[in-house]
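A short write-up of the structure that comes next.
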Amino acid sequence: MSGEIINETKKIPIIRTEHLSKSFGDNHVLADINLEIEEKSVCVVIGQSGTGKSVLFKSIMGMMRPDSGKVWFKNDELTALDKNALVSVRKSFGYSFQNAALFDSMTVGENLAFPLKEVLRIHSSAAIQKRVDELLEWIELPGIQSKRPDELSGGMRKRVGVARALIMQPEVLFFDEPTTGLDPVLSEIINGLVVRVNRELNITCVLITHDIPAAFRIAGKIAFLDQGRIVAEGRPDDIKKSEHPMVKDFIRISFGGLNV
């Protein structure tokens, strides 16, 4: 195994990686990553900047080919699929970008409608409008269809970004630093939204975050990456007991030196 594994009750994984490795020249970004993510769970990936978190996400989603190893989504080995088959499977994934990545030239409604038209090829304006209206209501931002991204606050843009990731009804939603740049109040709103996505929509949520206290509150599983390797993984209460020096220091500093 690639690190210290904390015992936990096993369920059927919706995603798993086997001996996943990725390098860029002499920079070994991922090294022998073995990770299982349970269906309808919340899994948080933590680590210092540059430890390979984003590369891991992109490798799982098929946006980047690993140098070696395998990625499985249910019974499909993504690393063995050709381009067309991979594109089809990736419709089961949603991605909420760190900066929301909304199209500035489009309204909120047009941003949410875009993947329905361009990816799912839905042509019914009524069906598209219904789905857009429902999602904006669900994220508690009704009536902003005609606004443009530059008219929204940072927190609103984040929520609209999540809504766009949800519009295709994915089975797994990846969140890349969902609370970056937000104040504590807005961060709690976004963290609460992640929990709602998981519990109300039964979607598997996988997060990269530096908000360690929030990660320990909302995650069912935490995986710590250090120098491209998983050095500890398991339930939050078990991660707190890890004896790995980096994990201990990371937790101590993140919780302000308090015992957790």
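Since the model is a prediction, treat every value here as computed from it, not as a measurement.
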Fill in: Taking every non-hydrogen atom, the tightest pair across Ile218 and Val194
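Of all heavy-atom pairs spanning Ile218 and Val194, the closest is CD1-CG1, 4.3 Å.
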For a quick test of reading the model, state the closest non-hydrogen atom pair linking Glu77 to Leu81 and the distance between them.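 Closest approach of Glu77 to Leu81: O-CG, 3.4 Å.
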Determine whether a donor-acceptor pair (N or O, by modelled atom type, separation under 3.5 Å) exists between the side chain of [X] and the backbone of [Y].
| X | Y | answer |
| --- | --- | --- |
| Arg196 | Trp138 | yes |
| Ser92 | Glu171 | no |
| Lys22 | Leu56 | no |
| Asn27 | Ser23 | no |
| Arg157 | Leu152 | yes |
| Ser21 | Asp67 | no |
| Asn198 | Lys40 | yes |
| Lys91 | Leu120 | no |
| Ser153 | Met156 | yes |

- Query: Is the CD atom of Gln227 crowded by more than 12 outside heavy atoms at less than 6.0 Å?
  - Reply: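 Count not over threshold, so no.
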For the CZ atom on Arg199, are there more than 12 heavy atoms of other groups (residues, nucleotides or ligands in this structure) within a distance under 6.0 Å?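 12 or below, so no.
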**Asked** Can you list the steps and then say if Asp32 with Arg229 is a side-chain contact (heavy atoms from CB on, under 4.5 Å)?
**Response** CA-CA 7 Å; Asp32 197 35; Arg229 295 182 180 273; 4.0 Å; yes
Taking side chain as C-beta onward, heavy atoms only, is [X] less than 4.5 Å from [Y]?
| X | Y | answer |
| --- | --- | --- |
| Glu233 | Cys43 | no |
| Asn34 | Ile230 | no |
| Ile167 | Phe114 | no |
| Thr204 | Ile15 | no |
| Leu166 | Ile203 | yes |
| Ile212 | Ile253 | no |
| Lys70 | His19 | no |
| Leu141 | Val108 | no |

| query | Of Leu207, Ile208, Ile60, which meets side-chain contact (heavy atoms from CB on, under 4.5 Å) against Phe174? | reply |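 Of Leu207, Ile208, Ile60, side-chain contact (heavy atoms from CB on, under 4.5 Å) with Phe174 is met by Ile60 alone.
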* In sequence, state the C-alpha distance, the side-chain angles, and the governing distance for Thr209 and Phe175, and then conclude on side-chain contact (heavy atoms from CB on, under 4.5 Å). => CA-CA 8 Å; Thr209 185; Phe175 294 85; over 6 Å; no
(message) Does Arg164 qualify as a cation-pi partner of Phe97, given the criterion of NZ or CZ under 6.0 Å from the six-membered ring centre and within 45 degrees of its axis?
(response)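 Checked: cation-pi criterion not met.
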Discussion item. Does Lys53 qualify as a cation-pi partner of Phe57, given the criterion of NZ or CZ under 6.0 Å from the six-membered ring centre and within 45 degrees of its axis?
Written reply: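 Here Lys53 fails the 6.0 Å and 45° test against Phe57.
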Distance in Å, Gln129 CD paired with Ser124 OG, rounded so as to fall on 0.5 Å steps: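 So the CD of Gln129 and the OG of Ser124 are separated by 10.5 Å.
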### Task
Take His244 and Phe224, measure what side-chain contact (heavy atoms from CB on, under 4.5 Å) needs, and give me the verdict at the end.
CA-CA 10 Å; His244 191 282; Phe224 264 88; over 6 Å; no
Using a strict 4.0 Å threshold on nitrogen-to-oxygen distance, state whether Asp133 and Lys130 make a salt bridge.
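Looking at Lys130 together with Asp133, the answer is no, because their closest N to O distance does not fall below 4.0 Å.
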Under 4.0 Å between a Lys/Arg side-chain N and an Asp/Glu carboxylate O for Glu188 and Arg217?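 Result for this pair is yes, salt bridge flagged.
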Exercise. Take Phe73 and Leu86, measure what side-chain contact (heavy atoms from CB on, under 4.5 Å) needs, and give me the verdict at the end.
Key: CA-CA 11 Å; Phe73 172 65; Leu86 182 59; over 6 Å; no
